[in-house]
Chemist: 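Sharing a structure here in structure tokens format.
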Number of protein chains: 2
Amino acid sequence: MPETGCLAPSKKAAGKAAKAVVTPAPRMRRVRDRNQGLLLRAAERVFARAGFAGATVAEIAREAGVPKANLHYYYPEKRDLYRAVLDNILALWLGETDAFTPEAEPLAALEAYVRAKMRFSRDYPDASRVFANELLHGAPEIGAYLRGALRKLVASKAAVIDAWISEGRIAPLDPVHLFFSIWAVTQTYADFDTQVAAVLGVRQVSARQHAEATEAAVALFLRAARPDAVASRTTSGKLA
Amino acid sequence: MPETGCLAPSKKAAGKAAKAVVTPAPRMRRVRDRNQGLLLRAAERVFARAGFAGATVAEIAREAGVPKANLHYYYPEKRDLYRAVLDNILALWLGETDAFTPEAEPLAALEAYVRAKMRFSRDYPDASRVFANELLHGAPEIGAYLRGALRKLVASKAAVIDAWISEGRIAPLDPVHLFFSIWAVTQTYADFDTQVAAVLGVRQVSARQHAEATEAAVALFLRAARPDAVASRTTSGKLA
DNA sequence: ACATTTCTTGACTATTTGGTCAGGATTCAC
DNA sequence: GTGAATCCTGACCAAATAGTCAAGAAATGT
């Protein structure tokens with residue numbers, strides 16, 4: 001899970017003897033991994049509930065159970081830690097689109113994706129919130145990723161969906177906006193979980209309520225994506 | 001627009017001569033209104049792009065064009081200013097549900113609501129973002145509002161929709177989750193506008209693209225909410 | 001006019017916070 | 001063992017920031 005691209009003794013620290021710092025040496029990896037893991041998990045929690053600006057390194061260190069100075073040993077700057085957290089999250093967030101292949105059954109793929117995203121919002125609410133917060137403030141750290149990998153991914157999946165549409169196997173919904181909608185709806189149950197709980201009249205959204213939310217989301221998208229039953233039922237396409 | 005419940009010379013300032021402080025006096029209202037307006041608008045912008053913790057009163061004051069000390073004259077604490085901004089936003093956010101009356105045409109009401117919410121995300125993106133940020137961090141300031149007015153509102157509108165459902169005039173979607181979904185989808189175009197722009201491959205979402213997003217959202221919800229044409233077609237024949 | 005209230009603002013302060021550092025403790029390869 | 005890399009950490013520091021204050025400048029009612 002670690003190995004986030006941020007080597008520990010940063011440029012500054014490695015000022016004097018810069019010989020074999022390239023690889024952190026295959027030696028003592030246990031301690032580093034352990035502490036980085038602790039710090040990453042603590043940081044995710046704290047960033048999730050306070051945002052980047054609102055989080056303090058002291059609090060993260062306390063939550064991780066290590067002295068602040070030790071945190072700075074692994075992550076020289078607050079931003080390094082934040083980046084590491086985001087990198088972890090992106091890896092998770094990107095997945096789950098495998099179902100969208102030309103041969104797949106469109107509605108089944110859609111349902112699987114919605115369910116996967118709902119599961120994500122249940123299992124990794126902190127990750128979702130950190131991600132949301134980053135987007136909300138203009139994605140200063142992951143903008144390049146959004147314009148790169150994510151954009152490419154969406155474009156390729158949109159092509160698949162467009163093909164399904166022209167075959168009449170799914171309703172003619174704009175695929176890109178469909179993705180935006182799915183992300184929005186599923187993440188709302190993590191990011192704005194406070195609002196959901198408040199409107200539902202509970203302190204915390206229960207597992208059961210989350211399951212109901214999942215069914216509601218699935219129903220919404222499946223109903224919307226259901227191809228118009230009528231159509232012209234000709235050979236290839238339909239009402240083009 | 002001002003008159004946000006936060007009178008200027010707070011408890012502290014009004015320590016000595018506390019006689020007729022109840023009403024700010026109908027006198028000099030011009031200056032106060034003007035400056036509070038400037039500050040509120042500046043604060044909304046700054047809070048929108050930096051969040052509560054990330055925003056600095058100095059920046060808000062600069063953006064409003066007044067000295068920092070003058071800001072503190074009207075809003076003794078940063079939180080007072082934040083509350084005032086939120087109060088303004090809530091008033092806006094609450095509206096637009098008038099269309100949901102028992103007599104209304106369900107799909108028309110739904111469409112009107114979605115369009116209104118999309119318009120909101122276009123016209124008040126900063127308000128939307130401040131609101132989103134507040135929710136994201138657990139709604140420390142407006143939690144009571146969510147559990148009170150908002151919850152009641154949703155409950156009453158959900159009852160209307162449930163009635164529509166039992167009359168077969170709209171698809172059997174959970175009304176409360178329908179609201180969550182509509183809010184999620186429409187606000188995503190304000191709150192996560194960075195992501196939308198990135199995936200669309202543009203720097204800024206254009207007016208035209210926002211219009212397309214609106215049509216996509218309307219299509220999504222109308223298709224999902226369309227009652228199943230078949231049904232039982234009994235006594236109170238609906239589909240008029 | 002003039003007393004009174006409201007407003008304005010530069011200068012100041014207390015606190016928080018990210019980050020540094022030097023010296024010591026561990027750990028590991030050999 | 002032992003030497004070298006790695007790790008640990010209390011004590012510090014400089015910068016940023018929310019909030020104060022007191023003295024004076026407008027504005028206002030009568």
Chemist: Rounded to whole angstroms, how far apart are NZ on B/Lys78 and P on C/dT15?
Modeler: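 Rounded to whole Å, this separation is 18 Å.
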
Chemist: For A/Leu38 and A/Arg34, what are the C-alpha separation, side-chain angles and deciding distance, and is it a side chain to side chain contact (heavy atoms under 4.5 Å, CB included)?
Modeler: CA-CA 6 Å; A/Leu38 282 175; A/Arg34 183 187 120 82; 3.8 Å; yes

Chemist: Is the ring pair A/Tyr189/B/His177 parallel, tilted or perpendicular, if the boundaries are 30 and 60 degrees?
Modeler: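 If you compare the ring of A/Tyr189 with that of B/His177, the planes turn out tilted.
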
Chemist: Should the pair A/Glu59-A/Arg45 be classified as a salt bridge under the 4.0 Å nitrogen-to-oxygen rule?
Modeler: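 No salt bridge links A/Glu59 with A/Arg45.
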
Chemist: Can a side chain N or O of A/Tyr73 be found less than 4.0 Å away from OP1 or OP2 on D/dC8?
Modeler: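 A/Tyr73 to D/dC8 OP1/OP2: no side-chain N or O under 4.0 Å.
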
Chemist: Let me know the distance between CG of A/Asp33 and P of D/dT6, rounded to the nearest Å.
Modeler: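 The answer, rounded to whole Å, is 14 Å.
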
Chemist: For B/His137 and A/Thr194, does a side-chain donor sit closer than 3.5 Å to a side-chain acceptor?
Modeler: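 Their side chains do not contain a donor-acceptor pair, so the 3.5 Å distance test is not met.
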
Chemist: Would you mind reading off the distance between A/Gln36 atom CD and D/dC8 atom C1', rounded to a whole angstrom?
Modeler: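 About 15 Å, once rounded to whole Å.
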
Chemist: With sugar-phosphate meaning primed atoms plus P, OP1 and OP2, does A/Ala53 contact a base, only sugar-phosphate, or nothing at under 4.0 Å between heavy atoms?
Modeler: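 Counting heavy atoms under 4.0 Å across all strands, no contact is made by A/Ala53.
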
Chemist: Can you check whether A/Asn35 has a side-chain N or O nearer than 4.0 Å to OP1 or OP2 of D/dT6?
Modeler: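 So the side-chain polar atoms of A/Asn35 never come under 4.0 Å of the phosphate oxygens OP1 or OP2 of D/dT6.
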
Chemist: Check the distance between D/dT9's C1' and A/His72's NE2 and give it to me in whole angstrom.
Modeler: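 Distance check: A/His72 NE2 to D/dT9 C1' gives 13 Å.
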
Chemist: So B/Ala61, base contact, sugar-phosphate only, or nothing? Heavy-atom distance under 4.0 Å.
Modeler: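 Nothing, no nucleic acid heavy atom in range.
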
Chemist: Using whole Å, what does the distance between atom P of nucleotide C/dG18 and atom CD of A/Glu59 come to?
Modeler: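 A/Glu59 atom CD is separated from C/dG18 atom P by 10 Å.
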
Chemist: Could you label the plane-to-plane angle of the A/Tyr82 and A/Phe52 rings as parallel, tilted or perpendicular, counting under 30° as parallel and over 60° as perpendicular?
Modeler: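 Taking A/Phe52 first and then A/Tyr82, their aromatic rings sit tilted (interplane angle of 30° to 60°).
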
Chemist: Rounding to an integer number of Å, can you tell me how far A/Lys68 NZ sits from C/dT20 P?
Modeler: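 That distance rounds to 10 Å.
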
Chemist: Rounded off to whole Å, could you give me the CD1-to-P distance for the B/Ile60 and D/dA16 pair?
Modeler: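 My rounded result for the distance is 18 Å.
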
Chemist: Please determine, for the side chain of B/Ala69, which listed nucleotide (C/dG19, C/dT20, C/dA11) has the closest atom?
Modeler: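 So the nucleotide nearest the side chain must be C/dA11.
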
Chemist: Would you tell me if any nitrogen or oxygen in the side chain of A/Tyr74 comes within less than 4.0 Å of OP1 or OP2 on D/dC8?
Modeler: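 Yes, such a contact exists.
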
Chemist: Please give, in whole Å, the distance from D/dG19 P to B/Asn70 CG?
Modeler: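 These atoms are roughly 16 Å apart.
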
Chemist: Considering heavy-atom distances to DNA chain C, does A/Thr56 or B/Pro67 have its closest nucleotide positioned more toward the 5' end?
Modeler: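 Of the two residues, B/Pro67 wins.
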
